[in-house]
Amino acid sequence: MTIREDFLTTARIALDLLRAPEVARHWDQPSALPEFGVSGLAGHIGYQVLPLPGMISTPLGDEPVISLMEHYERAKWTDLDVDSEFHTRIRAGGEKLAAEGRDDLCQRVEQALEELGKSLPGLENRGVRMPHWGPWAVPLDEYLVSRLMEFVVHSDDLAVSVGVQTPEFPRRVNETVIDLLTRMALNKRPAIDVVRALSRKERAPQDITAF
């Protein structure tokens with residue numbers, strides 16, 4: 001299995017969750033996340049797929065290609081408050097994508113996945129970037145790792161929000177996501193806190209969250 005196959009598999013599991021009847025029933029209700037409605041959270045999950053066809057078809061620019069961890073270090077979004085301009089824009093973007101309803105969102109995600117299923121396998125590991133990023137890009141395969149994390153974390157958020165079981169993702173996907181979250185946590189926490197949280201319950205700190 002490759003990271004691209006993992007991305008497509010994980011995205012389809014998340015899409016199955018979006019199609020759950022409970023999501024439609026709770027569509028206009030608050031989610032488990034502060035200030036995020038269920039519809040906006042669903043739209044945010046869809047956003048992990050929808051821009052990608054355009055990103056990989058955009059000609060390469062002259063911006064430097066940096067590692068995913070350097071991107072997180074530069075972006076600094078993990079330190080921002082929920083009411084920050086960045087997070088407010090994220091929530092507004094999710095609501096905009098969901099504005100035409102759950103079925104419309106699912107249809108667009110399905111179409112994008114069909115396109116990506118054809119285009120991703122043979123594509124070079126080129127740099128990709130989102131429009132709201134700074135003047136840099138990250139390698140495609142590292143970008144897809146970050147999307148796995150978004151899918152896994154926010155699928156749990158959505159499942160809890162609507163009262164269904166959190167989807168089971170493949171072990172390989174979970175290992176990739178936990179590895180990324182651990183590295184992100186090390187950017188914010190002393191290493192010994194992370195070690196103790198994973199190995200010594202009697203000395204484990206209360207918080208080793210990555211963001």
Side-chain angles (χ1 to χ4, degrees), residues 1-11 14 33 44-94 112 116 119-157 169-170 172-198 205 207-211:
M1 295 287 287
T2 67
I3 185 60
R4 302 180 189 191
E5 292 170 315
D6 286 344
F7 169 81
L8 293 169
T9 297
T10 304
L33 296 182
H44 185 58
I45 291 173
Y47 186 65
Q48 309 316 312
V49 176
L50 293 172
L52 190 53
M55 292 167 66
I56 62 177
S57 64
T58 299
L60 292 170
D62 57 3
E63 58 271 341
V65 178
I66 64 175
S67 72
L68 178 62
M69 295 309 297
E70 185 174 350
H71 159 68
Y72 284 133
E73 180 63 25
R74 292 186 183 189
K76 298 293 186 184
W77 64 263
T78 59
D79 298 322
L80 296 177
D81 186 83
V82 67
D83 293 321
S84 67
E85 188 275 337
F86 174 85
H87 288 297
T88 300
R89 186 174 70 241
I90 291 294
R91 292 192 296 271
L116 291 167
S119 59
L120 276 180
L123 192 66
E124 64 175 316
N125 190 25
R126 48 159 291 174
V128 294
R129 66 181 301 275
M130 286 189 169
H132 63 269
W133 285 3
W136 61 80
V138 300
L140 171 62
D141 289 348
E142 292 191 38
Y143 175 78
L144 295 180
V145 169
S146 72
R147 297 312 96 182
L148 294 190
M149 183 267 287
E150 296 280 347
F151 281 131
V152 170
V153 170
H154 289 305
S155 291
D156 183 46
D157 292 330
F169 293 96
R172 174 185 168 93
V173 169
N174 286 324
E175 288 175 349
T176 299
V177 170
I178 292 168
D179 174 72
L180 174 58
L181 289 172
T182 302
R183 287 185 287 141
M184 293 175 71
L186 286 170
N187 285 345
K188 296 186 64 176
R189 316 286 177 185
I192 191 58
D193 283 357
V194 179
V195 171
R196 287 171 175 169
L198 295 172
D207 183 9
I208 61 162
T209 50
F211 43 80

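This chain uses plain numbering: 1 for the first residue, then up along the sequence.
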Distance-only side-chain donor-acceptor flag, T209 / R189, under 3.5 Å: yes

Flag, side chain of R126 to backbone of L140, donor-acceptor distance under 3.5 Å: no

Interatomic distance, T10 atom OG1 to I3 atom CD1 [nearest 0.5 angstrom]: 7.5 Å

Plane angle bin for W133 and H71 - parallel if under 30°, tilted between 30 and 60°, otherwise perpendicular: tilted

Verdict with reasoning, I45 to D157, per side-chain contact (heavy atoms from CB on, under 4.5 Å): CA-CA 10 Å; I45 291 173; D157 292 330; over 6 Å; no

Distance (rounded to the nearest 0.5 Å) between L181 CG and M184 CE: 6.5 Å

Min side-chain heavy-atom separation F169-V177 under 4.5 Å: no

Heavy-atom pair of closest approach, residues A11 and V49: CB-CG2, 4.0 Å

Side-chain heavy-atom pair R91, L33 within 4.5 angstrom cut-off: no

Contact check, side chains of M149 and T176, non-hydrogen atoms, under 4.5 Å: no

Side-chain donor/acceptor of E142 to backbone N/O of L68, under 3.5 Å: yes

Heavy-atom check, side chain of I90 versus side chain of Y47, under 4.5 Å: no

Gap separating the OG atom of S146 from the CG atom of D141, nearest 0.5 angstrom: 11.0 Å

Expected output: side-chain R129 to main-chain G134 donor-acceptor under 3.5 Å: yes

Gap separating the CZ atom of F151 from the CG atom of L144, nearest 0.5 angstrom: 9.5 Å

Point-to-point distance, once rounded to the nearest 0.5 Å, from OH of Y72 to CG of N187: 10.5 Å

Donor-acceptor contact below 3.5 Å, side chain R74 vs main chain W136: no

Rounded distance (nearest 0.5 Å) linking atom NZ of K188 with atom CD1 of I208: 12.0 Å

Shortest non-hydrogen contact from A14 toward S155: CB-OG, 3.8 Å

Side chains of V138 and V65 in contact at under 4.5 Å (non-hydrogen atoms): no

For the student: nearest non-hydrogen atoms of P205 and R196, plus distance: CD-CB, 4.1 Å

T2 backbone acceptor or donor facing E5 side chain under 3.5 Å: yes

Pairwise side-chain contact, R147 with L52, heavy-atom cut-off 4.5 Å (strictly under): no

Side-chain heavy-atom pair R4, P121 within 4.5 angstrom cut-off: no

